[in-house]
Amino acid sequence: MGEFVRVEKADGVATIRLDRPKMNALNRQVQQEIADCARQVDADPDVYAVVLYGGERVFAAGADVKEMADMPYAEMAVHSTTLQDCFTAVAEIGKPVVAAVTGYALGGGCELALCADIRIAGESAKLGQPEILLGLIPGAGGTQRLPRLIGPSKAKDLIFTGRQVPADEALRIGLVDAVVPDADVHTEALAYAARFAAGPALALRAAKLAVDRGLEADLDTGLEIERLHFSGMFATEDARIGMRAFAEKSQAKFTGR
C-alpha cells in the first residue's frame, strides 16, 4: 500500500488504484508504487484478474513534467531504465489486466493503459502521446506498444502530432476495446475482470505469455512458444478438470493448479 497507489481486492479481482490529486501525475514515487502493486497482485494467489483505475475524473495525465524539467541527461539516462521497468512490471502481470480509462490518459498515462490487455474507456476519455509537443518522444513504451496495438501508421500519426484522441476515435482505431458511459467505466471493467475469477489461472497465464512473447518473434518461433505452453497445460490439474467436465457435460470448477 503506497501513498498514491493502492490495491483493493474483492471476489478474486484486484484494482490497482491511482490516487494522486489532481491529475495522477506519474512522478518517480508513483511509478515505483505502481510497479510494487503490480508485483504484489501478480504474486497473490487469490487474485485472478486486475483492473487499473485512476478514479472517476482522470486515469493519468502523464509524467510529472515539473520533476523532469531540470533533469540532466546523465540522470535521465539512468531514470529512463527505471521508468520502463515500472511499466513493464504491469505488462508482465501474468493475469488478465483491464484498464478502466476515465478522463485523460496522456503520455505516461496512455503508456500505462497500453500495458493492460483490455482497455475500457468512458465516453469523454481522451488518450494520446503528446511528448512531441515538449520536444520529447514517448519514453515508457509508447513508441513500441502503441504500434504493436494499432499499427505503425496510426501510431506515428499520434506520436508525430501529439494530438488527443477522443474515445470514439480510440475505439475505431483499436486503441480501446469498449466505450461506455463515464459513470460505468470502473463497474464495466470489474465485470469484465470478474469472469476470470473462477477461471483456470495457469491456462490464462500461459495464454497471455504465448500471445505476448509470440508477438515479439517470427511465426515459427511463435508457434513453438504456443506448442510448449499448450503441452505444458497437460501437466495441470485444471486441464484434467476441464476436459473431464466437458466429457461429463458439467461445469468445470478450476483449482488454479
Atom pair [atom1] ([X]) and [atom2] ([Y]), whose distance is rounded to the nearest 0.5 Å:
X      : Y      : atom1 : atom2 : value
Ile120 : Thr102 : CD1   : OG1   : 12.5 Å
Arg227 : Leu223 : CZ    : CG    : 10.5 Å
Gln129 : Gln164 : CD    : CD    : 11.5 Å

Problem set entry | Flag side-chain contact, heavy atom, 4.5 Å: Phe196 against Leu204 |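 Side-chain contact under 4.5 Å: yes.
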For this session: May I ask you to decide whether Asp117 forms a salt bridge with Lys95, counting only side-chain N to carboxylate O separations under 4.0 Å?
Result: no
Problem set entry | Basic-acidic side-chain contact under 4.0 Å: Asp64, Arg20 | yes
Is there a donor-acceptor contact under 3.5 Å linking the side chains of [X] and [Y]?
X      : Y      : value
Thr221 : Asp218 : yes
Glu8   : Thr15  : no
Arg28  : Gln32  : no
Thr255 : Asp238 : yes

For this session: Tell me, yes or no, whether the heavy-atom count around Arg57 atom CZ, taken from other residues, nucleotides or ligands under 6.0 Å, exceeds 12.
Result: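 No, CZ of Arg57 has 12 or fewer neighbouring heavy atoms, counting only those of other groups under 6.0 Å.
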Problem set entry | Gln40, CD: over 12 other non-hydrogen atoms inside 6.0 angstrom |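 Enclosed.
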Between the main-chain N or O of [Y] and the side-chain N or O of [X], is there a donor-acceptor pair closer than 3.5 Å?
X      : Y      : answer
Arg148 : Gln144 : yes
Gln31  : Leu26  : yes
Glu33  : Val5   : yes

